[in-house]
Amino acid sequence: MADSNNPKNEKETRRDFIRDIVAEDCKTGKWQGRVHTRFPPEPNGYLHIGHAKSICLNFGIAADFNGKCNLRFDDTNPEKEEQEYVDSIIEDVKWLGWDWEDRLYFASDYFDQMYEWAVDLVKKGKAFVCDLTADEVTQYRGTLTQPGKNSPYRDRGIEENLDLFTRMKNGEFPDGSKTLRAKIDMAHANLNMRDPIMYRILHAGHHRTGDKWCIYPTYDWAHGLEDSIEQITHSICTLEFENHRPLYDWYLDALGIYHPRQIEFARLNLTYTVMSKRKLLKLVQDGFVKGWNDPRMPTLSGMRRRGYSPEAIRSFCAIIGVNKFNSTIDMALLEHCLREDLNKTSHRVMAVLKPLKVVVDNYPQGQVEQLDAINNPEDPSAGTRKVPFGRELYIEQDDFMENPPAKFYRLSPGREVRLRYAYFIKCVNAVKDSSGNIVQLHCTYDPATKGGDAPDGRKVKSTIHWLSAPNALSAEVRLYNNLFTKENPDDAPEGKDFTTNLNPKSLEVLTNCFVEPTLKDVKLLSRYQFERLGYFCVDSDSTKDKLVFNRTVTLRDEWAKIQKQQTQR
RNA sequence: UGGGGUAUAGUGUAAUGGUAGCACAACUGACUCUGGAUCAGUUAGUCUAGGUCCGAAUCCUAGUACCCCAGCCA
């Protein structure tokens, strides 16, 4: 099989307003034809599907225009960042199929250079050390409608500023006692321009620089410098940074250094889930899910464990487009992209989730036949396999109804159906327990229909899946549904938050399932289609003794729709 | 009440003054040894009001609605 996880093999993505800008720049030679982007996560959480949009945009543009894309950790806040997150982010971007070659960078590697530049600004009289407390800074900043006022420390002499800033770096002052601020305009209509803070004092250990630093640069000061150092051409970020662009530009102009162009796009929203790191962290910390990689989470690690393929996520990112206004994409579109990929690539296999025992009365006792089954009708090269058939079978409880309603085509008393790849069977009797539950079926088979075709040409309304009872492997299957019951989880009553909309049925564990003996030695995370049920993958909890599968997504289900319509009447 | 953004079917996205197209969803139908897949079709849209123009989603004017900004977070 070709290298399917190399995005460069995929057909070119469609144009969007950012690609238009990049194409124009290439035409005019603005960057000498170079295209260099970056994906700059802060290592303070796990990556989610929203990040995938940004990753595919940045790496995708680089791929489309024969450019480069760096992976850069924006690790300027030691209080929130951890190595665990760095590791997971590296794993996730790689899994998504992107390659940054040798360009793995950390903002913290630039701290010395950033410090030099800050000294530069102080020397130019464009930055000053401020002794205001955090509260005072807020007060002096003014409001949306009222201008701020100058800090009393704004007009300190350059020498004094230099001395104070050096001593800040040397650790002579306690946390929060001083900041370095840019000298811009306290009356500016854009609050970000009201003498923004460049450095704060933080006596905190950093996951990479240890205790070398006790002053740390703020995002606004640091980010443009990082882009400049890496000679980024197009610095792509999300909409909320639009208000920060004037500051991004101001710093670079004040320093007179290489100056990339910042372009903003709208972040991804999806129905029935949440996408902010803060909310995802809450789900993890408060135990609403079992971890960052819980298969119900929209994190890349969760989706990977759930059975999503990187190809499906990439095609989703390509199809949703890029723009500048807020939108919420229907989860159904993500699932469409998922099924589209899984349908092409997944081996089919039979599994029974809620078993109902069937005895084929006229099948010889003790006889076992090996029947041929197709591995993937979408891919003949996947070949065939043998599945054992015998007198005692399991079928799905849902595939039998004693009193079938209209349009129910499956098994019922007196009705004949086909067992996939096997025989036609007809139900003669349903055995019930004392409380009236159907516990077993007696059927007869037609030996002439071996393989599934009737020589007399008679038709059957449906084909159902089955398993030979003595040969089936038992398994646990975890069914997942939307994590939230509302399209917009934030739509909560006064005083409640998004967690009130958590779906109590987001996880259903089935412990009495059976699968084909073919699945005896499956690899973790491998993906299958359980015929007529959906796509499933081997969970990381699975062992040789106890198989565990996750339902990635169901197949489209006409019958479920009909049932829904019938019950609504 | 300041500044910065944005409005196209239910959802998402094209059309860059010249027939409003595509995808998802929904609904028909065909086909089918997965009620899967596939194929064919249907429904449905330019925020509002004026204006310019032979012609406006696109240009102009005035409104309306929504998003972002008052962290020493990113």
*asked:* Heavy-atom nearest nucleotide on RNA chain B for A/Asp330 versus A/Arg420: which residue maps closer to 5'?
replied: A/Asp330
Check the interface with nucleotides 4-7 of chain B: list each N/O to N/O pair with the protein under 3.5 Å, or write none.
{"unit_1": "B/G5", "atom_1": "O2'", "unit_2": "A/Glu242", "atom_2": "OE1", "d": "3.2"}

*Do A/Phe549 and A/Phe536 have ring centres separated by under 6.0 Å?*
no
*State plainly whether the residues A/Asp227 and A/Arg38 are in salt-bridge range, i.e. N to O under 4.0 Å.*
yes
*asked:* Filter on side chain to side chain donor-acceptor pair (under 3.5 Å), then keep only pairs touching residues 171-181 of chain A, sequence neighbours left out; what's left?
replied: A/Arg167-A/Glu172
_If you take the centroid of each ring, where Trp contributes its six-membered ring, are A/His244 and A/Tyr248 closer together than 6.0 Å?_
no
*Would A/Lys80 and A/Glu42 pass as an ion pair if we require N to O under 4.0 Å?*
no
*For RNA chain B, which residues in residues 217-224 of chain A have a heavy atom at a distance below 4.0 Å?*
A/Pro217, A/Thr218, A/Tyr219
*Between B/U1, B/A70, B/C27, which one does the side chain of A/Leu144 approach most closely?*
B/A70
*Is any NZ, NE, NH1 or NH2 atom of the basic residue among A/Asp446 and A/Arg458 found under 4.0 Å from an Asp or Glu carboxylate oxygen of the other?*
yes
*asked:* Considering every strand and a 4.0 Å limit on heavy-atom distances, what is the contact class for A/Glu42: base, sugar-phosphate, or nothing?
replied: sugar-phosphate
*Give a yes or no on whether a donor-acceptor pair under 3.5 Å exists between the nucleobase atoms of B/G35, that is its base, and the side chain of A/Arg556.*
no
*What is the distance, rounded to the nearest whole Å, between atom CG of A/Asp20 and atom C1' of B/A15?*
13 Å
*Can A/Lys344 and A/Asp379 be counted as an ion pair, charged N to O under 4.0 angstrom?*
no
*Are any of the side-chain nitrogens in A/Arg385 or A/Glu516 under 4.0 Å away from the carboxylate oxygens of its partner?*
yes
*Ion pair check, A/Asp131 and A/Arg156, cut-off under 4.0 Å*: yes
*asked:* Any salt bridge linking A/Glu396 with A/Arg410? Criterion: basic side-chain nitrogen under 4.0 Å from a carboxylate oxygen.
replied: no
*Only pairs at least two apart or in different chains count here, so list each ring-ring contact (aromatic ring centres under 6.0 Å, His included) that has a residue in residues 177-197 of chain A.*
none
*In whole angstrom, what separates A/Met186's CE from B/G2's P?*
20 Å
*When you check the gap from the basic side-chain N to the acidic O, do A/Asp75 and A/Arg208 get nearer than 4.0 Å?*
no
*Run the salt-bridge test on A/Asp372 and A/Lys386 with the 4.0 Å N-O cut-off and return the result as yes or no.*
yes
_Work out how far the C1' atom of B/A65 is from that of B/A49, and round it to whole angstrom._
15 Å
*Pairs counted as Watson-Crick or G-U wobble with both distances under 3.5 Å: what dot-bracket string results for RNA chain B, using | for bases tied to another strand?*
.((((((..((((....[..)))).(((((.......)))))....(((((..]....))))))))))).....
_Any residue in residues 195-209 of chain A with a heavy atom nearer than 4.0 angstrom to RNA chain B? Just list them by number, or reply none._
A/Ile197, A/Arg200
*If the C1' atom of B/G5 is compared with that of B/G41, how far apart are they to the nearest Å?*
41 Å
*Given the P atoms of B/C66 and B/A57, what is the spacing between them in whole Å?*
26 Å
